[in-house]
Structure formats: structure tokens, C-alpha cells
Amino acid sequence: MHALVRELYPICRSITGDGVRQTLARLQQDIPLQVHEVPSGTPAFDWTVPREWNIRDAYVKDSRGQRVIDFRRHNLHVVSYSVPVRARMSLAELRPHLHSLPDQPDLIPYRTSYYRESWGFCLPHRQLEGMAEDDYEVCIDTTLEPGHLTYGECVLPGSESSEVLLSCHTCHPSLCNDNLSGIAVATFLARHLAGVPHRHTYRFVFIPGTIGSITWLSRNEEQAKAIRHGLVLTCLGDSGNFTYKRSRRGDAPIDAAVRHVLRHSRGEHALLDFSPYGYDERQYCSPGFDLPVGCLMRSHYGQFPQYHTSADDPGFVTPGQLADSLATVLSVVQVLEHDLAYVNLNPKCEPQLGKRGLYGAMGGTSIRDLEMAMLWVLNQSDGRHGLLDIAERAGLPFERIHEAARLLLQHDLLAPAAAAPSRAQH
Amino acid sequence: MHALVRELYPICRSITGDGVRQTLARLQQDIPLQVHEVPSGTPAFDWTVPREWNIRDAYVKDSRGQRVIDFRRHNLHVVSYSVPVRARMSLAELRPHLHSLPDQPDLIPYRTSYYRESWGFCLPHRQLEGMAEDDYEVCIDTTLEPGHLTYGECVLPGSESSEVLLSCHTCHPSLCNDNLSGIAVATFLARHLAGVPHRHTYRFVFIPGTIGSITWLSRNEEQAKAIRHGLVLTCLGDSGNFTYKRSRRGDAPIDAAVRHVLRHSRGEHALLDFSPYGYDERQYCSPGFDLPVGCLMRSHYGQFPQYHTSADDPGFVTPGQLADSLATVLSVVQVLEHDLAYVNLNPKCEPQLGKRGLYGAMGGTSIRDLEMAMLWVLNQSDGRHGLLDIAERAGLPFERIHEAARLLLQHDLLAPAAAAPSRAQH
Amino acid sequence: MHALVRELYPICRSITGDGVRQTLARLQQDIPLQVHEVPSGTPAFDWTVPREWNIRDAYVKDSRGQRVIDFRRHNLHVVSYSVPVRARMSLAELRPHLHSLPDQPDLIPYRTSYYRESWGFCLPHRQLEGMAEDDYEVCIDTTLEPGHLTYGECVLPGSESSEVLLSCHTCHPSLCNDNLSGIAVATFLARHLAGVPHRHTYRFVFIPGTIGSITWLSRNEEQAKAIRHGLVLTCLGDSGNFTYKRSRRGDAPIDAAVRHVLRHSRGEHALLDFSPYGYDERQYCSPGFDLPVGCLMRSHYGQFPQYHTSADDPGFVTPGQLADSLATVLSVVQVLEHDLAYVNLNPKCEPQLGKRGLYGAMGGTSIRDLEMAMLWVLNQSDGRHGLLDIAERAGLPFERIHEAARLLLQHDLLAPAAAAPSRAQH
């Protein structure tokens, strides 16, 4: 995953344009990704797909012809969606178009101006302060023309029509945690799931932030009704603890599943209530959709100093953290796959586990974890409690409860419940 | 307000009589107050309106003709509702009729005997201990005769028939926090609301404690059904933090509104569950009415040392605290006025606020409070959540959410919900 | 109760056999106990009543004819349900049949092998370590033959058909806290209730653990539907604080009643959620029955070092703790008996308690506990709240609320509610 991050890092992505296309083409080497092109001007609810933006070059030259700001050195140097400019101007005229971070004087900030025609450069504050009055040549060689919004979709059909949505934004240029980390984890998860049988259908969307999810939802209103669980994946490569932001519902099965997995993992973690600011969960959780989609991160967006700066580089994300994030998402997927309700076929008193070899023969001693898990599954399997509910009530990890359920199924002590679990609230 | 307290302080009020009439006459100078006279003997549920009590003079003279206890010096010196007495007696005979506070030896206690014929004097314990054996002349020049129970009512009609009840007791003689403070805050609130348009109808009642609210309820059973919110106002002038005692329902909108306002105010405060002891909320919250009426105080009745003593004087309440109490009640009124539910007219994904000038144009930077409030209102306005619910969920003050809602209404992004909000429980 | 414990201590009980019969015969001296005999082979849901086990003698003799392990000295020396053995063997051959506790080297462990044919001896680890290689004579003089499972039932009919189940296991040999303590408390409770009128029908069952409750339930499926409340009584004689394990429902009236009594008692206590491991609550709370049965203990089974060892002897349980346990169970019974809902006959405002002599005459002073209790009962008695709910909301002990209700009934201020209370959840 870290190699993929490094490979995608130099590409200049934005909400439209060739950077996105190159990125998705690279992902197609790993997963069966369908690329969609939506024409500029297409309405998407209250929005309109914007013109396509592409950039060839951009610089500010001093009077000696020296490139003092150079897009070729870092693509964060240009405000994304800057309109074309070719002009000579004084520092005073240029100054309103220069963005820097006085509190982080060595970093280049990340700035965009998608929906207002504008242009600008971003640079370290220290460099800005060193710029002398001069006759500057300003060039932004971009195009902003009718074209397309490009997104990718990878659908892995399961044995059931229920869908799990995994969404990550692909619009950020050379920024790694936000969000090449999410792209890498989603890609490797899709590659894994493509090779194993699964119950749910998994739908991965690689989309530009905001306008991408709005466009996708506007083209998939019916399809979205099949979504039973969903996660926005972002900021998954840094060294921080996990942060999970609940869906708008707050008590959706995805919220319970992620909480369970994080509680039974080693580290500290934070569980946050939904708020309507953040990533594309804003759109998935808008009241007209209210999909059960949460957002899984390590460090919370906006709360680490590297956020939206040139310090969010390949050194800021590590192979180990990416691997841990993938393992965690996989554990959540395991819960979603196997969280079914069963009925105890001997509901009156306990069945005699001992005669089936499922229970220690010598009385008077203490019970083992797996025996305990079997007792819990039997006791709670009245068709109303799914395995995750049982795991939560038992205080045992989901895997152990799932293992117990499989054993009991093998011994005809359990049967699948006809109806889906009506989940208790935690 | 403090001037009003000082002006009303010398009047000897009780549950009936001319002291109440004088008090209400004074309030009529400020607000449109209707005075009701209910004849003695009128049944009021399990009670009967008592005879009217009036007092001209009362004293204990020693054998030298010196008034050692003198009603003219402090009207707390006489047990309220004392029957007429003219007698000479020894200290031993007088002693059972003398009340003092051994633990607060310099204060005169406040005592009443409304419903058992009795008489008595109250005096500082230090003075009681100094009384020598003597031949005392005892005079209580009172009348206890068929007359009336007097209460005042000020109704300020709103644009809707829903009512807000504001109740304060007017039966205490020279005691300031309990309850000239409540009378003053209610009067000034009524004066303010009389001059501004409002949605709810505001009904202020100035009544003697217990028998007054019982009498009012017995004469207004039908009218009481219109009460949607209510507050008993008392002990609002001392320097303590706010104390709010919830309605019997515990989760009524008034309970949520007061809690919200207190949480977003500067100071500490206490939120108490309902109990059936206290002021007139006992009657409003009796099971046959179960009205959504809480009780707002600063220091809790019975829990400050000046309570029901001569130390509850004009120096114990301050202009600043009265003003703060009025401002707080006004904030609660603002919530009650504007806590409506709306529907987002673009419920599918966010509307594009930027093109309407409601959202910052430069991406990559952090969001402002009012933008956040707009996102919350849009996200939660599915017709089921009122603005107070949204403010609570957003962790923002009600004013900010209300401001956001007004902006969104102006831009046709929001419409009033047909039905009233079905409030979530907090 | 302690004398009864001492008297029953030497008897060698198991899940079947004469030890149980002797125990029940002794209890019949104190209470009207019906003894049931269920033939071996009788099906009980997924189980079958086992063959009856009896023991006459058991020992291990060394080559000098010395009994180095002797059942006559302590009946824990033999693994319960050991099959008959007569053999000579080396220590190496004998060793797999010897059980000890290396961490508690002076204690004999308690071991059983009910459902797998096996045999064994239990002994202190220190003694085991001292056993030399020798030619041992092993004798277990037991019978394991078709016979009966024996249990006792004591039914004390009340004025209503609703039942309270009190269950204790009788299968443990010389172990006192587990469970001669439960047997003693249940017996004395039954003796007390037999002499006083009561509303509920009390059903005491003295049964072997697991197979006993399963057998009882299989023979009483219809009868079990009458059970409104139930307690498994065990480990009630040690010096630990009370531990209450909630029923599977978690919010059954029995759970609220025990919690209330423990909270208003002096000591610390622990309230635990249900788990499907433990005593016969496992069967009563199986999903096919889901009876409202909790488990009351002092120290939690398995969590005191004497548990299932020879140290659980008559010195480990004390008369004082047994008495305290009985008093506590009686307090719970009082709650169950008197937790009824009433309706306030004057629901509109408070009735005038003063004119009925139920309220202090002198106003201005503070209220007494019983007056407060009356106000609570009046305020909450709308037919939906039982007395226990009211006690919980008032923060007063149940007795006080019950006393207030009786006074109000006497004064015709209260009447029984037609319907049973629909209990609020705590």
C-alpha cells in the first residue's frame, strides 16, 4: 500500500481532470474498476458538474527570469482550479494571490477555488517574506473548459443484494494521509474481497469530494437504497489512534460494528457523534438519503498539523499503519458478513453440550472461553439478537461468538433465523 | 426591579387580605393586571377558600407598658393568620406562643398558621432569652372574617392559542428573595412582552401559595389545557447560581429549554428532578393536571440561611442578580417562541451554499460557526427535529441555530414543517 | 439456620441418591415439603434423568493395609458419580485418577463426573506429593443403577395465583456456603411465610443443580407460566457483601426489588448483569422460558478461595450472615408483596392533608419524611406507577412509601388501581 501511495503522490489531482484519470488508470491494474465520465453541465441535485480543469505549468518568475514559485517543484504551489493567467505585475499586485501559513512558515498550504473563478499560488511563509519588490512574470497555464467529471466504481457482487459502500475521495493532489491512504486501503480491500466469497455486495467508489458523492448519488438514487452499511475511508496512514465518526443515525449496525472492532483492538480510539461537516458522509447522511455511512480515520481531519499542507507527504504515512488500518476494516467487514441472527433449536433449558463433546466432562472446575461463548449464543438466540449483539452482551470478541455459532450449527443446535435481527441499541 | 422590591417590602402580605390587594394595585401601574376576588367558603377541589385575614396592630407589652415585641417594627413578628387576642399573661403562659431560631439568634423567623386557629409571635432568640418573668399585655388586633382571596392575572395574547404560564406567589410578607424577586421579574417580563409581538399567549398569575394555585386551577380547568409550557418564578434575586427543578414529566420542552439556556450561560447551575414538595409546581404538576411547569430559582428554597427569616431583606437581593434572572427567563422565552421544526427543501445532498453567498469561497480552510449552524439545520430539518433539538445536537447556542434557520428561510432552502416537532428525549 | 447447616453437613449428597433423600427428610421436619421421585431414563428436554448413584465406602489402601485416602473421613475424597472400582495398581496407574489443588495444597477439591463414566479421588496436594510408589488397593463401593432423581417442593398458596419461585440446589456434598446456606435460608423463609398471610404463592424448590431444574421445568411447563418473580439462593452464609445477578430480562420487577433493598441496606453490594453461566438461573432464563429469576449471593461463586474445596465448611458460614441474608430476602419479599399501583382519588391538586391530621400545622418549617412520602405517593399514583417505582423516584425506602400509602388508603385518599403497574425502567 505504501508503494501505491508513493506512486500516486506526484500526480496533480483535482475534482476533475487528467490527474484523476491517471490515478484511476493505475488502480485498474489492481482491481476491476469501472471509470465513469460525467459531462460538465450535468445537473446533480442543487449542483452542476463543473468545467474540467487541467494544468500544464505554472510559475512566478522574477525580473532575472528565475522561477521563484514553480509548479513543477510541487503541485500544491498552485491554487486548485486557478484560471489561466499570463501577466506581469508588481509584488503588491501579486500579493493578494499568494497564500501561506504564518504559523507553519516552512510548509506549503493546500488551497482550492472550485466554485469561484480565481487564481493563486501557495508557498512557504518564509519564502513569501523573502520576496522582494520586483517586476514579476506570472504564468498559470491551465484550461477550464467543458469536459467531464471522472470517478471510479468497483462492484464486487455478493450472494445477497445488500450493499456495503466504501467511499474515498480522489481529488486531493500531492497529499498522502488525505487521501492516498484511503485510496490505498480501499484498493487493497477490494483486491482481497475480489478473491473470496462474501454475502454482501461491496461497492467501492473513488470520487472527488463533495461534487463527486453528490454526482454519484444523483445518478444512483435507486441503487443507494440497497446500501445497508457504509464507510468513508480517509486519513488511514498516520500514526494516530483510530477515530470513528458515527453515521447520522448513530445506532446503525455499521456504528455498532466499528465500535465493537475498535473496543476489542489493542489501542485507544475515539468515537465521535455525526456532524454535518467533514467528508462525503455529509452527502450520504443528508436527510433525503440518511444512509448508514460512518467515517473511519486515524487522526481526525483538520486536527493534525500536517493536514492540508506539504508535510502530508509519503514520510507521514507508514506501511505499518496502512496495514493496521486495512486489518481493522477487514475485521469490520467480517462482522458485517457474519452478523446474523439464529434460533436455538433447544430453547427450553440448555442442550446437553457434554454428550456432544462440546463441554468439559469434569465438573467443579471453571469454564473455558469457547464454552462460555456457546452458552451465550444459545441463551440469546431467540431470533431477535444477532451475533454482534450477543458478542457485545457477552463482552467477548465477535470472532469467538462466531466460532461458537458455527460449532452449534454443525451440531444442529442452532438454525438461521428467518427474519433479520432487530438490533438492540447499545 | 430592585426599586419595586423595596417599595413592596414593607407591605404585610398573607394568603388573603389587604396586603395582597395593595401589592397587586402597585403592579397594575406597570402591567395590565386583572384582579380577581374569590369569596371565602368557595370550594376549590379538596380545599375551601379561607376567611380573609387582616391585621392592624400587634404587640407584647411588659408591665411598664413598653412594647417588647412590636408588629410595627417588623411584620414578621406576628405569626401569619393569628386569631385576635387581648389578654394579660405570665411569661410561662406566653412562652408556647413565641417562636425563635436558636441557631440564628439575631433573626426573626417567618411562621404561619393558616389552617389551624392559633396565634403567636416571632422574635430573635437572643431577645427571647432576655425576656424576664412579668405580667405581659398581649394584643393581636386582627380580623379573620368572611371576605375574599385576591389574585392577579395578566394575559398577553399571542398569535397562537398555546399558552405559557408564569406563576409567582404573593403571600409572603416582608421577605424579598422569597418572593418579591419573583414578583419583580414576572412584572418586568410582562411589561417587556406587552410591547413586542409573540407567538404564544403569556399568562402571568400572581397568587398566594398553595391555596392560590389550587383556587386558580379549580376556576380554570379548561383554560389550563392550553398551557404548553410553564415556570414558577421564585428566589431570583440572591447571589447564588441558578437552580432549575424540572416538571413532573421531566422531559417537557420547558425542561429542555431551560437546561439549554443554563448550559449556554456563563455560570454553574443545578438541574433537579421534580419532587412534590416546593412551590406551586406541586399543584400544577399534580397527576390530574400534570402540566409542563418547572420552577426556576437561583438559590434553592430552604437551602440558604436567610430563607424564611428577617435576613431575607432588600439587602439580600441585588439589582444585578434580578437583571440576570430576567435576561435568563427572556432567553428561555426566546427558545419557546422560536423552537419550530422545518423541512429542508433540498434534502438530497447539501444545497450549494456557496453560489448563494452563504459559504466561504476558498477551500481548504476551516469552517465558521454560522456555516456550521446552517449545515446542522439543513442536515436535521426533516420535519421531525425542532430548532432546540438541533441546537442541542450541534452543541451550539439556540440563537446561532435560529439565525441559521432565518438565513436559510430567506434563501428558500427551508420551509416550516406542517406538524409540530416530535421532540427527541435528551 | 447454622445448626441446620451443621446437621446437614456430613451427608454425602449428589445429584441423585440417598444423601438427597436424607436432606429433604430433615427439611420436612420444618416445612411442608413434598418429595418427588423421577425415574432414571425419564426424558427432560435434551437431557435424560441419569441413573441413581449411591456410595457406601471408598478408599485407597497402601501395601500395609493403611487407608491413605478414606471416604469415611471426608466425602469430598471421592469424585461424585465415580463408578465402582476394586483393583490393585501402582501409583503411576492410580495417578490420573487423583485430583488436587497445587495452589491450595492443604485443601481437598470438589470434583464430579456426572455424565461421563469415570472414577477418582480428591485429596490435598501436600498429601498427594507424599504418596510413595506402592502396590495400592483401590476400592470405590458405589452403585450406579436405575433409580430416581429426588427433589423437594414446598408450595405456600397466597391469595393470588401469581407465583414467586425460590430455588436452591441440594446436590453438593459437604460444602456449606455452596449450598447448605441457601437451603437453610430457603427453609427458614418458608417456615416464616407458612405462618403469615401473603398475596403471592411461594414455591420453594430444593433440587439438584442443572438436571434438577431441567427436570422440574420439563414437568412444570404450564405451572412455570405463573412465575412472576424468582430467586436462586446460594452462597448466603459467608462474610462477603451481597452480590445480585440480574435475570436475563435485566429489568424485571425482581431485579428492581433486589436492587432497591440492597441500595437501602447498610453495606456495599454488587449488581451484575445476567450471564448464562452460574446456577439454575441458567435454565430458568433459557430463551424458551425466560423467567424473571435472578440469583442472590453474598460472595460470588467461584470468586472466593474456599469455593468448591473442603474449606467451605461450617466455620466458613456464620449465624449472623445467615440471619442477615434471611432478613434481606424477607425485605425483597415485602416489596414483591406490596408493590401495587394505586390511584389518587383527588388527583387535581393536593388534597388538604392538614385537615385530616396528616400534615404539620405550623407553616414555614421543614417537612418530615412521612409527609414527603405521602406527597410522593399522591403525586405519582396515577395508576401507572407502583409503590416501588415511587420509592425509587422519591429516593425513600420502600417501607416508608408503603406506610404512606396505607395512611392514605385509611383516609380514602387512595384506591387500588384496577390494572397492574406498568413499570418504568430504571
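Residue numbers begin at 1 in each chain, while the letters A, B, ... track the order of the sequences.
- Per-residue heavy-atom pair counts under 4.5 Å with chain A were compared for C:P109, C:C285, C:G120, C:S275, and the maximum is reached by C:S275.
- Neither the backbone nor the side chain of C:Y284 comes within contact range of chain A; no heavy atoms are under 4.5 Å apart.
- Screening residues 283-294 of chain C for salt bridge (charged side-chain N to carboxylate O under 4.0 Å, His left out), with sequence neighbours left out, gives C:R248-C:D290.
- C:L217 touches chain A through its side chain: at least one heavy atom from C-beta onward sits under 4.5 Å away, while N, CA, C and O do not.
- Taking 4.0 Å as the cut-off between side-chain N and carboxylate O, A:D273 and A:R246 count as a salt-bridged pair.
- With rounding to the nearest 0.5 Å, the separation of CZ in C:F71 from OG in C:S82 is 10.5 Å.
- In this structure, A:E337 has no salt bridge (Lys or Arg N to Asp or Glu O under 4.0 Å) partners at least two apart in sequence or on a different chain.
- Both the backbone and the side chain of A:N379 come within contact range of chain C, each with at least one heavy atom under 4.5 Å from a heavy atom of that chain.
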